[in-house]
Amino acid sequence: MSSLSNAAVRDIETVIHPYTNLETFRETGPMILERGEGIYVYDSHGKKYIEGMAGLWCTSLGYNEKELIDAATEQLERLPFTHVFGGKSHERAAELAEKLKAIAPHPASKVLFCGSGSEANDQQVKLVWYYNNARGKPEKKKFISRIRAYHGVTVASASLTGLPANHRDFDLPIEGVLHTDCPHYYRYAEPGETEDEFTTRLAKNLEDLIIKEGPDTVAAFIAEPIMGAGGVIMPPDGYFEKIQAVLQKYDVYFIADEVICGFGRTGNMFGSETFNMKPDSISVAKALSSAYVPIGAVTVGEDMYQAMLDESRKIGTFGHGFTYTAHPLAAAVASKTLDIYQERNIVGHVRSLQPTFEGHVHRLAEHPLVGHVRAKGLIGALELVAHKDSKESFEPGAGIGAKVVAACEKRGLILRPLAGDIIAICPPLIITESQVDDIFKTLEEALDEVTAHARKEGLMK
Ligand SMILES: Cc1ncc(COP(=O)(O)O)c(C=O)c1O
């Protein structure tokens, strides 16, 4: 640890870092970021980076949006806190709920706020259980999620997540959470299977699972429009139509986890619109406030609300809520964020950059290190392989994805490696065309550097 700065040593000795190998971190230490401007962040040595991941898929309006800072300051000066328990409220709560309801991709009756994406999905689980008790269906409680899904890390949300690292040795998933197929055609199609056959098979497997478990026991299905942390996996054409037909047949409540795709990322306000999803409810967080303050939310349809009213009559209260539910600071910033999305036509901006962004991603499909590419709006990924034709992956220990990301970082670009040597790209939505070009120029140089390394080490087949 001797070459590390004092700040780095203090960090190592005091802070537990999520999604970090805590052992190797003791040697490498943190990258300490000090300030941000537009799509750029600066580390403690003054080095400038493009934040090519918008932080964690979230800082949609970049790093120094004055209107958000002003909205936060104004709210802090006026009323820094009130809770919304027991009928108390503040103006920003209803203002934000109205704006969310107006743009939601399904008929939303009310909004239940919380502090994060994990909490949003946790609330979804609780609401569905509550709803089915109110409907007199106490057996109908199971959730179906998908392998490689990411829905967060609280006990219920981590159970919905379908990634091994979130389950292993945490004694998860909890009982009653099942995982069905991941719609990654490139990886999971059978030899010779068309996309159409693939999605038909997945819908059939879902139906078989529901029948096997007993339709009276299956309450809900949850899906990200694009699976983010699981590898930026795009649903094949027609996938959600076939899945939804099964859900309807068995009265299974459908939740769209819009925590990444919400608010313009895919070229529509919600990923549900992009992929023809007809959810009963959505979970949002991240870009809801451009990540300036923690906030999440769940939309509640009229049926669900009526059931909640019945439960209140029976029990005497809705026994759920956080100290920070609809926190005034968070609500004020989120409300201003939604205004900015409308005023600056952020969706239109994403659409105008879509051909450039997607064009760059598709061009990199030709690169020797790249097996598969995917892009929609301003989110994309490269899946790196040791052998293009056979799709053979690198040994996980070779850390090829991490090496590409390190080579980008050296050149002033922050990206993120996902499991399976997948490089995710998800810049702030305020990015310009020439900045998109900059990202891909750097990324290509990094790919070249790591290809040379992989060839030298005999890792490419
Ligand atoms: C799709 C999705 N859902 C839920 C979450 C969890 O959100 P949070 O980290 O705010 O708890 C994430 C976080 O990346 C996400 O990508």
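Whatever order the structure lists them in is the order used to number ligands and atoms, beginning at 1. Since the model is a prediction, treat every value here as computed from it, not as a measurement.
- Short contacts between ligand 1 and D257, defined as distances under 4.0 Å to a heavy atom of the residue, involve ligand atoms 1 (C), 2 (C), 3 (N), 4 (C).
- In this model, a donor atom of one side chain and an acceptor atom of the other lie less than 3.5 Å apart for K242 and T199.
- Distance from atom 2 (C) of ligand 1 to its nearest protein heavy atom, with residue and atom name: Y150 O, 3.3 Å.
- No more than 12 heavy atoms of other residues, nucleotides or ligands lie within 6.0 Å of CD in E91, so this atom counts as exposed by the packing criterion.
- In N121, the part holding a heavy atom less than 4.0 Å from any atom of ligand 1 is the side chain.
- A side-chain contact (heavy atoms from CB on, under 4.5 Å) with T337 is found for exactly one of I346, L288, V293, L68, namely L68.
- Of all atoms in ligand 1, listed by their number and element, those nearer than 4.0 Å to a heavy atom of V259 are 1 (C), 2 (C), 3 (N), 4 (C), 5 (C), 12 (C), 15 (C).
- With a 4.0 Å heavy-atom cut-off, ligand 1 is reached by the backbone of S118 and by its side chain too.
- Residue K286 touches ligand 1 through its side chain alone, judged by heavy-atom distances below 4.0 Å.
- Looking at heavy atoms from C-beta onward, D181 lies out of side-chain contact with R146 at the 4.5 angstrom threshold.
- Close approach of ligand 1 to S116 is summarised as follows: ligand atoms under 4.0 Å from at least one heavy atom of the residue are 10 (O), 11 (O).
- Between R374 and H372, the side chains place a donor N or O and an acceptor N or O closer than 3.5 Å (distance only, hydrogens not considered).
- Near I260, meaning under 4.0 Å from any of its heavy atoms, are these atoms of ligand 1: 16 (O).
- Only the side chain of E224 comes within contact range of ligand 1, with a heavy atom under 4.0 Å; no backbone atom does.
- A cation-pi arrangement is absent between K47 and Y42, since the terminal nitrogen or guanidinium carbon is not both under 6.0 Å from the aromatic centre and inside a 45° cone about the axis.
- With Y131 as the aromatic partner, R135 meets the cation-pi criteria of under 6.0 angstrom to the ring centre and within 45 degrees of the ring axis.
- Among A223, A285, G117, C114, the residue whose heavy atom lies nearest to atom 10 (O) of ligand 1 is G117.
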